[in-house]
Amino acid sequence: MNIQTALNKASKILRNSSSGTPKLDSEILLSKVVKKNRQYLILNFDHELKKENIKLFNFLLERRKKGEPIAYLINKKEFWKKNFYINKDVLIPRPDTELLVEETLKLFNANSKLSILDIGTGSGCILLSILDERKNFFGTGIDISKKAINVARFNAKMHQLRNRTKFYNSDIDKFLIGKYDLILSNPPYIKQEDLKYLEKDVKDFEPKLALDGGKDGFSEVKKVIGKTSMLLKKNGKFILEIGFRQKNRILSILKRNNFFINKVIKDYGKNDRCIISTKI
Ligand code: GLN
């Protein structure tokens, strides 16, 4: 079978699935299989595929058909300016989360020297994107998942940031190391009973641990705020991603914990998504 026939067949298979982009998905998956970019595929339509490659392609297509996200099938997702290694142990980086990176870079110029902490670092994409842009920053990432920490360390190594990072596998309640100029977090904030309404691709494949915010959706964020008020230096900044309709409650928790609110930023869907505050 040649590339063109394989791609046509694949698009047909995915057309009857949750994939909103069957043609693109087919091209991405076949690129992964033949280890070439998409341009190569288009320019070599009549190239005959090896039997083992057809087999592997079909295996990936079947998984995609069942809703498994592309990022898990190709173990890669672009975030900010780089590609990150991703597997099912970590949440797939979301474009909206790039807001945390953008706001950090706006607050601190290229010469600033800061020690920063990322609570619930997952793949490490937030922390590593910032360190890559600010050469004098030193970053610490913690996560309750040992497997996530392995992914974050792998990404740090891949982007040559291992010498400016420390990662700890730790429950937030037990973490007591250091004092920081800036703390960031994108904690799990989905209300338990809302988990079932998430898209199938998310619900069936992404780690619950990274999404589940307890009974009311606030249980993890409360812990993050409590810990941040202990580990942040005076006048230090705190940048937090929040969920749908959580703004008012979180603002009052922050104020109660002696944080001054600098601003609330909306995401691309015009929902409140990120709060910047200062420890006073
Ligand atoms: N934004 C994620 C979603 O839409 C949730 C991430 C989180 O809980 N921190 O599924």
So Asp25 and Ser19, side-chain hydrogen bond (donor to acceptor under 3.5 Å, both in side chains) or not? Walk me through it. CA-CA 8 Å; Asp25 287 6; Ser19 161; 2.7 Å; yes

[X] to [Y] - nearest heavy-atom pair and separation:
X: Ala6; Y: Phe57; answer: O-CE2, 3.7 Å
X: Lys179; Y: Lys233; answer: O-CE, 3.9 Å
X: Ala148; Y: Asp89; answer: CB-O, 4.1 Å
X: Ser145; Y: Asn169; answer: C-ND2, 3.6 Å
X: Asp272; Y: Lys266; answer: OD1-NZ, 3.2 Å

For [X], does the [atom1] atom sit with more than 12 other heavy atoms under 6.0 Å from it, leaving out its own atoms?
X: Lys106; atom1: NZ; value: yes
X: Tyr40; atom1: OH; value: yes
X: Lys50; atom1: NZ; value: no
X: Arg15; atom1: CZ; value: yes
X: Lys65; atom1: NZ; value: no
X: Lys113; atom1: NZ; value: no
X: Lys215; atom1: NZ; value: no
X: Lys203; atom1: NZ; value: yes

Please examine the side chains of [Y] and [X], heavy atoms only from C-beta on, and report whether any two atoms are closer than 4.5 Å.
X: Ser229; Y: Phe259; answer: yes
X: Phe205; Y: Glu199; answer: no
X: Thr278; Y: Phe238; answer: no
X: Phe244; Y: Ile190; answer: no
X: Glu103; Y: Ile265; answer: yes
X: Ser18; Y: Asp201; answer: yes

Looking only at atom types and distance, does a side-chain atom of [X] sit under 3.5 Å from a main-chain N or O of [Y], one as donor and one as acceptor?
X: Glu220; Y: Gly213; result: no
X: Arg134; Y: Phe108; result: yes
X: Asp181; Y: Ser115; result: yes
X: Lys196; Y: Glu193; result: yes
X: His159; Y: Asn83; result: yes

Hey, could you give me the [atom1]/[atom2] distance between [X] and [Y], rounded to the nearest 0.5 Å?
X: Leu7; Y: Ile42; atom1: CG; atom2: CD1; value: 6.5 Å
X: Leu29; Y: Arg63; atom1: CG; atom2: CZ; value: 9.5 Å
X: Arg245; Y: Asn271; atom1: CZ; atom2: CG; value: 9.0 Å
X: Ile142; Y: Ile149; atom1: CD1; atom2: CD1; value: 8.0 Å
X: Ser123; Y: Tyr85; atom1: OG; atom2: OH; value: 11.5 Å
X: Thr97; Y: Leu91; atom1: OG1; atom2: CG; value: 7.5 Å

Is it the case that the side chains of [Y] and [X] hold a donor-acceptor pair, with the cut-off being a distance below 3.5 Å and no angle test?
X: Asn2; Y: Thr5; result: yes
X: Asp212; Y: Gln192; result: yes
X: Ser185; Y: Glu241; result: no

Kindly confirm or rule out a cation-pi arrangement of Arg249 over Phe218, judged by NZ or CZ under 6.0 Å from the six-membered ring centre and within 45° of its axis?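 Here Arg249 passes the 6.0 Å and 45° test against Phe218.
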
Is [Y] reachable from [X] through a run of I, L, V, M, F, W or Y residues, each pair having side-chain heavy atoms under 4.5 Å apart?
X: Leu254; Y: Leu117; value: yes
X: Ile276; Y: Ile126; value: yes
X: Val151; Y: Tyr168; value: no
X: Leu100; Y: Tyr189; value: no
X: Leu56; Y: Tyr72; value: no

Given Lys237, which of Leu184, Thr104, Leu107 fulfils the side chain to side chain contact (heavy atoms under 4.5 Å, CB included) condition?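 Single side chain to side chain contact (heavy atoms under 4.5 Å, CB included) partner of Lys237 among Leu184, Thr104, Leu107: Leu107.
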
Using the rule side chain to side chain contact (heavy atoms under 4.5 Å, CB included), only one of Ile116, Leu231, Leu114 pairs with Tyr180; which is it?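 Output: one option passes, namely Leu231.
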
Could you tell me whether [X] and [Y] make a salt bridge, using a distance below 4.0 angstrom between a side-chain N and a carboxylate O?
X: Lys146; Y: Asp143; answer: no
X: Glu52; Y: Lys55; answer: no
X: Lys227; Y: Asp171; answer: no
X: Glu27; Y: Lys23; answer: yes
X: Lys191; Y: Asp216; answer: no

List the steps and the verdict of salt bridge (Lys or Arg N to Asp or Glu O under 4.0 Å) for Glu68 and Lys88. CA-CA 10 Å; Glu68 189 164 348; Lys88 63 176 179 14; over 6 Å; no

Between Lys76 and Phe84, does the side chain to side chain contact (heavy atoms under 4.5 Å, CB included) criterion hold? Intermediate values first, please. CA-CA 6 Å; Lys76 191 166 79 175; Phe84 288 86; over 6 Å; no

Pair Leu24-Ile28, side chain to side chain contact (heavy atoms under 4.5 Å, CB included): steps then yes or no: CA-CA 6 Å; Leu24 178 65; Ile28 294 172; 3.9 Å; yes

Run the side chain to side chain contact (heavy atoms under 4.5 Å, CB included) check on Thr140 and Thr165 step by step: do they pass? CA-CA 6 Å; Thr140 303; Thr165 46; over 6 Å; no

Lys81 and Glu133: salt bridge (Lys or Arg N to Asp or Glu O under 4.0 Å), yes or no, with the steps? CA-CA 10 Å; Lys81 295 184 183 169; Glu133 299 262 7; 2.9 Å; yes

Please report the C-alpha distance between Ile225 and Lys222 in whole Å, then the side-chain angles of each, then the deciding distance to 0.1 Å, and finally whether the side chain to side chain contact (heavy atoms under 4.5 Å, CB included) criterion is met. CA-CA 5 Å; Ile225 294 172; Lys222 278 185 194 157; 5.9 Å; no

When Glu206 is tested against each of Lys200, Lys77, Arg94 for salt bridge (Lys or Arg N to Asp or Glu O under 4.0 Å), which residue passes? Arg94

